[in-house]
Amino acid sequence: MTIQDKPDHQRLGMTDDEYDAVIDLLGRTPRTAELAMYSVMWSEHCSYKSSRVHLGKFRSDQPWVVVGPGENAGVVDLGDGWLAALRIESHNHPSFVEPHEGAATGVGGILRDIFTMGARPIALWDPLRFGPLDDPHNRYLLDGVVSGIAGYGNAVGVPTLGGEVEFADRFSRNPLVNVMALGLMKREQLVLSAASGVGNIAVLLGNATGRDGIGGASILASASFEAGDEEKRPNVQVGDPFEEKKLIEACLELYDRGLVVAIQDLGAAGISCATSETAGNGGMGMDVDIDAVHVREPGMTPGEILMSESQERMLAIVTPEHVEDVLAIAARWEIDASQIGTITDGPDLRVFAEGRLVAEVPAASLADDAPRYDRPYERPCYLNALWDSEPAIPDEIDVAKTLNLLLDDPAIGDRSWISSQYDHTLFLNTVIEPGHDGSLLRIKGTHKGMAVSTDGDSLRTYLDPRRGAARIVFESALNVAVTGAQPYALVDNLNFGNPENPEVMWQFVEATDGLAWACEELNVPVVGGNVSFYNQTDGVDIYPAPVVGMLGFCDPMPDRPPRLDRAEQGMGIWLIGQEASDDFSGSAYDRIINGTLRGRPLDVDGATARELIASVVEMAFDVPVLHDVSVGGLAVALAEIAFVSGTGFRVDDVSGRELFDETPLRVVAITHERDLETSVPRRRIGTMGGDQLGFGAAGSMDLSAARRIWADALPRRMR
Amino acid sequence: MTIAVVVFPGTNCEHDARYALALLGSHAELVWHRDDDLSGATGVVLPGGFAHGDYLRTGAIARFSPVMAEVERLARQGTPTLGICNGFQILCEAGLLPGALVANRDLRFICRTVTVRVESTDSILTSHTSVGDLLQIPLNSYEGNYVLPAAIDGAPSPNVVLRYCDSSGASGKQMNPNGSTDSIAAVADANGTIVGVMPHPERAVEDILGSTDGRVLLESFVSATASVVA
Amino acid sequence: MKHTFSVTIERRSGLSDPEGATASRALTDLGFAGVHSVSFGKVISIELEADTAQEAATQVEAMCRKLLANPVIENYTIENVS
Amino acid sequence: MKHTFSVTIERRSGLSDPEGATASRALTDLGFAGVHSVSFGKVISIELEADTAQEAATQVEAMCRKLLANPVIENYTIENVS
Ligand SMILES: Nc1ncnc2c1ncn2[C@@H]1O[C@H](COP(=O)(O)OP(=O)(O)O)[C@@H](O)[C@H]1O
Ligand SMILES: [Mg+2]
């Protein structure tokens, strides 16, 4: 059977059971536009149908959580009337098809999630995963994605303050592009998406609607799908940061003046999703007039207009007496606006085109009645073999040779090739810029600071999804703690393969268990997240790649927070936290030197983590340098301090194995003080100074030569 | 009115500029690009950003905004006029400064702190500095590459205010971040009252942000505006 | 033998073109009332060495496919202007 | 009456052309050994209403002078392609 012969619902990716559920719900067969709406709203992407049963394990009932998962962004209370909004989102598939526009529109989308809540977006982060850079196509993807994020983020005027990047073969045919955004507002600016008030007007703001991103709907819209027609129906969305910038300013002004009852951004499934969500969330209905929508091209069908994913659009719900003011503000900011709907007492969303009713469905059903699947899961058989063998680590390691190879790795070498393409100083908030651990922002006019770190570790998560996922939570917590900020709230992006594969589903269940457990140990609420399934190409699933974005908060912020470049000649080097215990599974050493991936990564003890994080936060107020030990172990952590500060060092009595071991919960502290005031285990291992990276008996390296390798690791591959 | 900070659609450094000026004790007001009356302004700042999305050519559309006729009138009568980054691009497009700004040599956006050397103190941006001073200022641009065709032919050589250099003060291809002609980072008109600067002095005004070297530049500007009788 | 080709790259129709739309509005604002639409493309002029015009054309075609144009969002046309 | 014009804008010769230089290097790296030079320009297609082709051309010329090209660094050519 060819695709043309399949029934419509199957062509739109709906199962027969799901189709029957729609018929049951409506009591009749759906109209064309209705079927299009259900097919998109009930898709995995919009409905979380395979993941929802597992997401309940995340806690968000801490008293500082103002808005938890479910709205466009999570919101936490920073005291004195200040609120922070945060959100993470993936744009994996679009970025593979067209890296520049895919990544750019990902930035645009996440920013709308933030200013939909009433907050001004103030910073972005970009966790990225690609295949190895020896393949030119992967270089093309990295280059395009970075230029897309830069092109959009810089132009829209939101600084990108960091991110992370991993390279592994499983991402070659399926790169991961996640974006996290942070917004700031005063409490009275908070707006939610639930519409209320019969007779209130839905105003569509921003870009004209075109045939962007119409997938399923366009197939339906044309009775006969002929070759050549695809010209008219591009799936690629093109971002317009200029329009978004105007939209941000216009919306913030609307909130300032108290002119909107509710607002919702337009994302997947465009108008049909935004109208049904605002109405459904408020327990209302809505009548929508498709002919009122301002469109970019003539001849669009009602289905196309409803489903279009044109970027840079918002739907505001406004009382009738405020409509004129809203339109005036839109005009002043030079954006288009049209009144497309009226709130009814529901419960139906009714859509009219040319006076004809083209859809009439219970508004809440599109979101609330979506199917939920408790998909079968099963521990993968590959694990036994992996756990039965350990990375081969010699007793004597040639430190200089090994470190040279590690520093040349593009995920370890200097990543400023990426971060210097992003404006990261706009808004005069950036206290710690990319290139350290967490980035740190101040809140002007207060003593408050916010730190953010995004972290993922797909290799360890592959080896043990539960431990791997838990470890990224602890790592991100340490990354913000070294700036002086307390781990405060988290968003997660769960990038996985095909959930219909029980082994992938098992990875998902284990990883979410690990995340939930670690967050509870740290008393960090999960205020939002995103699930990206079906990251699979030609039957190969990606490595499971949960990614977290940790928000840290401090009040007051340290006057002089620790920075890698504050290391000076003569300062003592201390190792704080756990002793190395031969944790090489998923390590840079095993990956780069052995070329293998095996064993089982160590678990983390919650109490130990809590204690270390608390002492690190405290130390950040007087220790000039704090840097956690992560990829590449102690050797890489020390080398990074030397490169950024321009000062060499000498450490003694540290074996080669200890230098490359990746046991978690360890931090390097550097200070002039004769001792560190802390209750956690600490050991002085050396002294800063000179122009060598000195490892005592294990050897030494010339600082500037090593630095050149590190600095060129990424640029030399991208030239 | 005091100092006017002009906001085009797409401008994004207007609040930063106003904040930095306020730190120096000066008052600035934001002015929308459709306003066409700047009477009373003692100085004008065209801040950074992407006016009109940088579409067509950076600065090309902005120069026709209604406010620009007023900016031009004030600039020509000697009111201190400072274009930062995108503002520099707009001043060039408007013909208030010579030359043009094109894409960086490596075709990548550059965000990093650069060192610049003061070449002339005869400008509203550098009157409080000394020739040879080295300053650390954040650079943030895609089109920061200043071109000055020798072919605008017979034009007097420009009044160079700042040049990119290394930490020892030396200029040259290696230390030139973006391919700018003669490593030019800032230029002025012949009187020194209209200045375009590519790096952002307003981003270097507090220790906590990494550098305070932008202060002396903005102080020069503020003191020039103080002597204007509006 | 030296050949010169001119490659014109245009955005595929139907994709949104913010630059064209912005320029069109700007022209209207400037008083050019009759402007219907403006769209932007690139023109790339390439000088290359090849034995025959046919071979040069084949090479330019390959350059477009490999590097110069992005087939997902752009169309290109090639012209020999030697 | 509707007219369509195509405006080609090229960087004045002698000025640096980072895009051209980069593309030329990339093409050589990709194995196109015979590439001498590559230069980039813009092509702007304009649809406008005017009574006569002559009048339309005069308008497009004015658009170029005022907005579309920067004479400091660019040259333009105009073609009626209606
Ligand atoms: N994709 C990226 N975009 C921007 N900055 C990045 C990116 N990848 C890494 N960085 C920056 O480089 C620094 C080091 O990153 P990483 O090694 O991942 O830190 P850590 O090990 O502390 O989590 C961080 O400041 C990070 O923000
Ligand atoms: Mg770290």
Side-chain angles (χ1 to χ4, degrees), chain B residues 6-12 31-38 46 48-73 83 85-87 89-96 100-109 141-143 145 147 149, chain C residues 3-49 56 59-79 81:
Chain B
V6 178
V7 184
F8 300 92
T11 295
N12 57 36
V31 177
W32 184 236
H33 78 123
R34 297 224 175 256
D35 291 353
D36 51 11
D37 181 11
L38 292 185
L46 303 186
F50 290 73
H52 295 277
D54 267 1
Y55 292 137
L56 184 57
R57 243 180 3 261
T58 166
I61 299 177
R63 70 155 291 204
F64 290 107
S65 278
V67 75
M68 284 304 289
E70 275 290 275
V71 171
E72 192 166 340
R73 180 180 68 81
C85 197
N86 193 221
Q89 294 158 347
I90 296 169
L91 289 176
C92 288
E93 278 284 337
L96 291 168
L101 288 139
V102 302
N104 293 338
R105 181 187 48 214
D106 296 337
L107 296 181
R108 296 190 194 286
F109 190 92
S141 45
Y142 184 83
E143 271 128 343
N145 180 350
V147 292
Chain C
H3 308 264
T4 310
F5 282 74
S6 167
V7 175
T8 307
I9 298 183
E10 272 158 338
R11 180 160 296 198
R12 284 175 55 176
S13 64
L15 285 177
S16 80
D17 175 11
E19 181 160 29
T22 307
S24 167
R25 228 173 301 124
L27 286 169
T28 309
D29 282 356
L30 275 178
F32 297 102
V35 175
H36 277 294
S37 77
V38 178
S39 69
F40 279 76
K42 272 185 283 204
V43 43
I44 309 176
S45 140
I46 304 170
E47 266 183 40
L48 77 167
E49 198 63 46
Q59 282 202 29
V60 172
E61 168 75 33
M63 291 176 195
C64 287
R65 259 185 295 110
K66 278 194 148 158
L67 181 77
L68 300 176
N70 177 351
V72 180
I73 51 174
E74 293 169 335
N75 294 324
Y76 58 86
T77 51
I78 298 175
E79 199 187 341
V81 293

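Throughout, protein chains are lettered first and strands after them, A, B, ... in sequence-line order, and every chain is numbered starting at 1.
- Residue pairs meeting the salt bridge (Lys or Arg N to Asp or Glu O under 4.0 Å) criterion with at least one partner in residues 30-40 of chain C, sequence neighbours excluded, do not occur; the list is empty.
- Heavy atoms closer than 4.5 Å to chain C are found in the side chain of I61(B), but not in its backbone.
- Put simply, of P18(C), A23(C), G20(C), A26(C), the one with the most heavy-atom pairs under 4.5 Å next to chain B is P18(C).
- For E74(C), there are no side-chain hydrogen bond (donor to acceptor under 3.5 Å, both in side chains) partners two or more places apart in sequence or in a different chain.
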Under 3.5 Å donor-acceptor pairs involving side-chain atoms of residues 60-72 of chain C, not counting sequence neighbours:
residue : atom : partner : partner atom : Å
E61(C)  : OE2  : Y76(C)  : OH           : 2.8
N70(C)  : OD1  : V72(C)  : N            : 3.1
N70(C)  : ND2  : E98(A)  : OE2          : 2.5

Scan the chain C/chain B interface and emit each donor-acceptor pair under 3.5 angstrom with its distance.
residue : atom : partner : partner atom : Å
E19(C)  : OE2  : L56(B)  : N            : 2.6

